[in-house]
Novice: 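Quick one: this structure, given as structure tokens, is what I'll be asking you about.
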Amino acid sequence: MEIEILGCRGKIKASAPKYNNHSGFLIDGKLLIDIGEEAFLERKPKAIIFTHFHPDHAYFVFKEETFSPGIPHYGPETHPLLPELKIISAETEILGFSITPVPVIHAKNLKSFGYVIEKEGKRIFLTGDVAWIEKAHLKEIGQVDLIITEATLIQKGGRINRSDDKIYGHTGIPDLVRILSPISPKLVFTHYGDWFYKNIDESKEKLKSLEPQDTEIIPAFDGLRIEV
């Protein structure tokens, strides 16, 4: 599989070349995961999958425009702007990929999924945005060749909000390294928050400094291509 990182910017203002676009991932030139920028559709994907419906992952939400791309598109739940959406709730084959949804805690009022994507014996896990992933779900995933996850907050613990018995928000990068490195030798970080843009070179070094033994941390940029 070839994974192209189309966008690395979280829900903040654009401020640096190569880190301008909101979230999007193109796999083998045909499967698009999230559409943070309308321009991603110019790549002519054959199918689209959404992790959740925040506007930096689904550009049309901000514009309040109905989304009907004319190709199959999938997500974790229905949405009023997606009349043709197909719900993905179990392992599904799409364009020759095996796609398994993984419940992820992130948004207060939206359902969020990460996805294990498998083809020809190679497996990647794309987490989407994360407040937490239950240990049972991580155990079910098993070993993968590569994980793509988020880098909104550098501090341990991130920023977790609580409402009644629910949590939501973004956990910290050290926490993601701790829970994800046991199941993959490579962690790709994207979806950067404000902290990253203060000094990009230093921020990349800080990410690399968090590498545990036997795990490589890869700071992404817009246009990064990774072969698995």
Side-chain angles (χ1 to χ4, degrees), residues 3 5-7 9-11 21-28 30-119 124-134 136-138 140-141 147-150 152 160-171 190-191:
I3 303 99
I5 312 293
L6 300 181
R9 176 164 60 105
K11 197 177 179 181
N21 294 333
H22 287 306
S23 292
F25 312 91
L26 189 64
I27 302 178
D28 285 351
K30 58 185 179 180
L31 179 62
L32 180 58
I33 314 294
D34 285 342
I35 317 176
E37 307 287 345
E38 186 174 7
F40 296 167
L41 296 173
E42 296 173 7
R43 301 295 297 272
K44 305 295 184 185
K46 303 298 183 184
I48 300 165
I49 304 175
F50 294 97
T51 59
H52 63 292
F53 296 118
H54 279 162
D56 54 328
H57 297 257
Y59 73 91
F60 49 86
V61 173
F62 178 76
K63 296 182 177 183
E64 297 185 351
E65 294 178 347
T66 298
F67 183 72
S68 298
I71 58 174
H73 49 289
Y74 307 80
E77 61 184 343
T78 60
H79 193 283
L81 297 177
L82 295 110
E84 301 163 358
L85 180 78
K86 299 178 181 180
I87 303 301
I88 185 167
S89 58
E91 183 178 354
T92 304
E93 184 171 320
I94 302 171
L95 302 178
F97 300 93
S98 172
I99 311 293
T100 303
V102 179
V104 171
I105 300 169
H106 167 54
K108 182 178 180 180
N109 297 313
L110 293 174
K111 199 170 186 178
S112 301
F113 278 167
Y115 296 99
V116 175
I117 303 170
E118 185 172 359
K119 183 179 180 182
I124 67 171
F125 176 37
L126 199 154
T127 71
D129 293 356
V130 179
W132 197 244
I133 305 173
E134 298 290 358
H137 296 314
L138 289 172
E140 289 170 359
I141 291 169
I147 294 176
I148 301 172
T149 191
E150 65 141 315
T152 302
I160 301 299
N161 306 294
R162 288 173 171 81
S163 177
D164 299 325
D165 60 343
K166 295 181 179 180
I167 67 168
Y168 59 99
H170 299 267
T171 196
T190 180
H191 197 277

Novice: Between T92 and A90 (side chain of the first, backbone of the second, donor and acceptor by atom type, cut-off under 3.5 Å), is there such a pair?
Specialist: yes

Novice: With a 4.5 Å limit on heavy-atom distance, are the side chains of I141 and V102 in contact?
Specialist: yes

Novice: If the condition is side-chain hydrogen bond (donor to acceptor under 3.5 Å, both in side chains), which residues does T127 pass it with, not counting sequence neighbours?
Specialist: T149

Novice: Is the closest side-chain heavy-atom distance between T51 and L126 below 4.5 Å?
Specialist: yes

Novice: Rounded to the nearest 0.5 Å, what separates atom OG1 in T171 from atom CD1 in I133?
Specialist: 9.5 Å

Novice: Could you state the interatomic distance from CD (E118) to CD1 (I124), rounded to the nearest 0.5 Å?
Specialist: 10.5 Å

Novice: Cut-off 3.5 Å, no hydrogens considered: what does the side-chain donor-acceptor table look like for residues 38-49, sequence neighbours left out?
Specialist:
unit_1: E38; atom_1: OE1; unit_2: K63; atom_2: NZ; d: 3.2
unit_1: R43; atom_1: NH1; unit_2: E4; atom_2: OE1; d: 3.3
unit_1: R43; atom_1: NH1; unit_2: E4; atom_2: OE2; d: 3.2
unit_1: R43; atom_1: NH2; unit_2: E4; atom_2: OE1; d: 2.8

Novice: Answer yes or no: is there a side-chain heavy-atom contact under 4.5 Å between F113 and Y115?
Specialist: yes

Novice: Side chains of D34 and S23: donor-acceptor distance under 3.5 Å anywhere?
Specialist: no

Novice: Who are the side-chain contact (heavy atoms from CB on, under 4.5 Å) partners of H22, not counting sequence neighbours?
Specialist: R9, E37, D56

Novice: Are more than 12 heavy atoms from other residues, nucleotides or ligands located less than 6.0 Å from atom NZ of K119?
Specialist: yes

Novice: Applying side-chain hydrogen bond (donor to acceptor under 3.5 Å, both in side chains), name anything that partners S98, two or more places apart in sequence or on another chain.
Specialist: E91

Novice: How far does CD1 of I27 sit from CD1 of I33, to the nearest 0.5 angstrom?
Specialist: 4.5 Å

Novice: Give the table of side-chain donor-acceptor pairs shorter than 3.5 Å for residues 67-85, with sequence neighbours excluded, one pair per line with atom names and distance.
Specialist:
unit_1: H73; atom_1: ND1; unit_2: I71; atom_2: O; d: 2.9
unit_1: E77; atom_1: OE2; unit_2: K111; atom_2: N; d: 2.8
unit_1: H79; atom_1: ND1; unit_2: L81; atom_2: N; d: 3.0

Novice: Under the ring pair (Phe, Tyr, Trp, His ring centres under 6.0 Å) rule, what pairs show up with a residue in residues 81-110, not counting sequence neighbours?
Specialist: H52-H106, H54-H106, H106-H170

Novice: Do F25 and I5 touch side chain to side chain, with heavy atoms closer than 4.5 Å?
Specialist: yes

Novice: Are side-chain heavy atoms of I167 and W132 found at a separation under 4.5 Å?
Specialist: yes

Novice: Check whether any side-chain heavy atom of T190 lies under 4.5 Å from a side-chain heavy atom of I148, and answer yes or no.
Specialist: yes

Novice: Can you give me the closest heavy-atom contact between G36 and Y59, atom names plus distance?
Specialist: O-CB, 3.6 Å

Novice: Rounded to the nearest 0.5 Å, what separation is found between the CZ atom of R162 and the CG atom of D164?
Specialist: 12.5 Å

Novice: Hey, would you say the F50 and F53 ring centroids sit under 6.0 Å apart?
Specialist: yes

Novice: For the pair N21 (side chain) and L6 (backbone), establish whether a donor and an acceptor sit closer than 3.5 Å, ignoring hydrogens and angles.
Specialist: yes

Novice: Enter the distance from K166:NZ to N109:CG here, rounded to the nearest 0.5 Å.
Specialist: 7.0 Å

